[in-house]
Chemist: 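The following block contains the structure, expressed as structure tokens.
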2 protein chains.
Amino acid sequence: MTVNTPWLDRRQLRAWIRLRAVLELLPGTLDTQLRNDANLTEFEYTALAMLSEAPDRTLRMTGLAQRTNATLPRLSHVVARLEKRGLVERFPCPENRRATNARLTQEGWAKVLQAAPGHVAAVRRYVIDALTDEQVDQLTAIGDAVLAALDPSGKGAVLYTHYDEEQDPGQGSY
Amino acid sequence: MTVNTPWLDRRQLRAWIRLRAVLELLPGTLDTQLRNDANLTEFEYTALAMLSEAPDRTLRMTGLAQRTNATLPRLSHVVARLEKRGLVERFPCPENRRATNARLTQEGWAKVLQAAPGHVAAVRRYVIDALTDEQVDQLTAIGDAVLAALDPSGKGAVLYTHYDEEQDPGQGSY
DNA sequence: CCGGAATGGTTGTAGCTACAAGTTTGCTGG
DNA sequence: CCAGCAAACTTGTAGCTACAACCATTCCGG
């Protein structure tokens, strides 16, 4: 939160170079693991996981888009593909006729159960277990700061903080 | 670096949710800024920037791939497009006839000069200036830990640490 | 109660990335 | 000195994402 001068000094540049590398390398690595083990993208896994934790394993497209940090067009395409694979089904929302609900099928639930252990292991291996407990908390704070800068209105923040109060561990997909 | 139990506890999950969101949102945001201002991808900018800082503004494809954390096929396609736009030129490496050199053209250099201020401002806005000085250093350490887990052989590490010793600030593209 | 804006979504398409395959050049052991 | 393997790319293509355009509902002010 220093003065807003142009260019990055050496320390700042160091941090940015690291972050840039992580941004470039981590998603592909996670995708590869998940693709080999379960024929899923990390994004697809996240979508299925969010559905699996929702009441009745159902969410409106907009809600699912927020929870996965995706745009609606992107999500629409992805869910269409997941539906073709029988992992998800869509049906019109009764309360709002312009809305669409997405619900996890039995097959989709089975897919999450199958994929979860390997994916969690990958997240541990490449992120969580590579860090000290202190660094894990630092990462949370840094993530919050960056997300606040990305989305000053803080619409997404509600969703992040939802997980902060979550009870009942071990039931989910992480 | 705790014991390797399955699933994530609440603190770990919090951190992962944040990181996932950053991974999803930050690249698109940076791409959008750069695309509007300079008709470049963040990846393309990085490639041009790395060339601009290299001796004679020239690098071998492999070297450029390492510095941009890209696979060779990807880089090959990207450089082909940059070449068509006149920002880069390729020529066979005299010392090793199977290698290819990529060199920044005058136009490419001009493009970097034009794009740099806005891009650096975006990096500041969404990352650096959103963090305290302490957090910047924490991010460096966290990045190092994750990158080490991603690439245990540490081939890339040399390139990250290169920036740690860099002198002569203000000349570059960040 | 109705016209216009906003909400919630889908679809079409261009462009980028991943993966697999192929080519040329260099290296190394027998 | 040459067979086989590795290095350093390039190319083809399938699949995913971004962007823009579009359609159907719902909300809201006058």
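Labels below follow one simple rule: chain letters A, B, ... track the order of the sequence lines, proteins then strands, and each chain is numbered from 1.
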Chemist: Under the ring pair (Phe, Tyr, Trp, His ring centres under 6.0 Å) definition, can you give me all pairs with a residue in residues 30-57 of chain B, not counting sequence neighbours?
Modeler: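 Checked against ring pair (Phe, Tyr, Trp, His ring centres under 6.0 Å) - neighbours excluded - the pairs reaching residues 30-57 of chain B are Tyr45(B)-His119(B), Tyr45(B)-Tyr174(B).
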
Chemist: In whole Å, what is the span from the CG atom of Leu72(A) to the P atom of dA6(C)?
Modeler: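 Taking CG of Leu72(A) and P of dA6(C), I get 17 Å after rounding.
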
Chemist: Would you say Leu139(B) and Gln135(B) make side-chain contact, with heavy atoms under 4.5 Å?
Modeler: no

Chemist: Could you check how far CZ of Arg60(B) sits from P of dT25(C), rounded to whole Å?
Modeler: 15 Å

Chemist: Considering only heavy atoms from C-beta outward, does the side chain of Leu34(A) approach that of Glu44(A) to under 4.5 Å?
Modeler: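 Leu34(A) vs Glu44(A): side chains apart.
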
Chemist: Taking only residues two or more places apart in sequence, or in another chain, which ones meet Arg103(A) in a side-chain hydrogen bond (donor to acceptor under 3.5 Å, both in side chains)?
Modeler: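 Partners of Arg103(A) by the side-chain hydrogen bond (donor to acceptor under 3.5 Å, both in side chains) criterion, ordered by chain and then number, come out as Glu89(A).
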
Chemist: Please list, by residue number, the residues of residues 90-98 of chain B whose heavy atoms come closer than 4.0 Å to an atom of DNA chain D; answer none if no residue qualifies.
Modeler: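 Residues of residues 90-98 of chain B that come under 4.0 Å of DNA chain D are, in numerical order, Arg90(B), Arg98(B).
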
Chemist: Dump the intermediate steps for side-chain contact (heavy atoms from CB on, under 4.5 Å) on Leu30(B) and Leu26(B), then the final yes or no.
Modeler: CA-CA 6 Å; Leu30(B) 293 177; Leu26(B) 184 54; 4.0 Å; yes

Chemist: Given atom CZ of Phe43(B) and atom P of dC16(C), what is their separation to the nearest angstrom?
Modeler: 12 Å

Chemist: Using a strict 4.0 Å threshold on nitrogen-to-oxygen distance, state whether Glu107(B) and Arg85(B) make a salt bridge.
Modeler: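 No.
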
Chemist: Looking only at non-hydrogen atoms, find the nearest pair between Asn69(A) and Glu24(B) and report the distance.
Modeler: O-CG, 3.4 Å

Chemist: So, OP1 or OP2 of dC9(D): does either fall under 4.0 Å of a side-chain N or O from Thr62(B)?
Modeler: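 Affirmative; the distance criterion is met.
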
Chemist: Keeping Glu83(A) on the side-chain end and Arg90(A) on the backbone end, is there a donor-acceptor pair under 3.5 Å?
Modeler: yes

Chemist: For residues 73-82 of chain B, which residues have at least one heavy atom under 4.0 Å from DNA chain D?
Modeler: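 Hits under 4.0 Å, by residue number: Pro73(B), Ser76(B), His77(B).
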
Chemist: For Gln33(A), enumerate each residue passing the side-chain hydrogen bond (donor to acceptor under 3.5 Å, both in side chains) test, keeping only those at least two apart in sequence or located in another chain.
Modeler: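 Here the qualifying residues are Asp37(A).
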
Chemist: If you assign Met61(A) and Glu44(B) each to the DNA chain C nucleotide with the nearest heavy atom, which residue ends up on the more 5' nucleotide?
Modeler: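 Per heavy-atom nearest nucleotide, the more 5' residue is Met61(A).
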
Chemist: When the distance from CZ of Arg85(A) to P of dC16(D) is rounded to whole Å, what number comes out?
Modeler: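 Atom CZ in Arg85(A) sits about 9 Å away from atom P in dC16(D).
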
Chemist: Check each residue of residues 33-42 of chain A for a non-hydrogen atom within less than 4.0 Å of any atom in DNA chain C, then write out the ones that pass by number, or none.
Modeler: none

Chemist: Once you round it to whole Å, what is the distance between P of dC9(D) and CG of Leu59(B)?
Modeler: 11 Å

Chemist: Is Thr46(B) reaching over with its side chain to a backbone N or O of Glu42(B), donor-acceptor style, under 3.5 angstrom?
Modeler: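 Such a contact is found between Thr46(B) side chain and Glu42(B) backbone.
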
Chemist: Any heavy-atom pair between the side chains of Leu23(A) and Leu19(A) that's under 4.5 Å?
Modeler: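 Of all side-chain heavy-atom pairs linking Leu23(A) with Leu19(A), at least one is under 4.5 Å.
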
Chemist: Below 4.0 angstrom from OP1 or OP2 of dT10(D), is there any side-chain N or O of Thr100(B)?
Modeler: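 For dT10(D), OP1/OP2 do have a side-chain N/O of Thr100(B) under 4.0 Å.
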
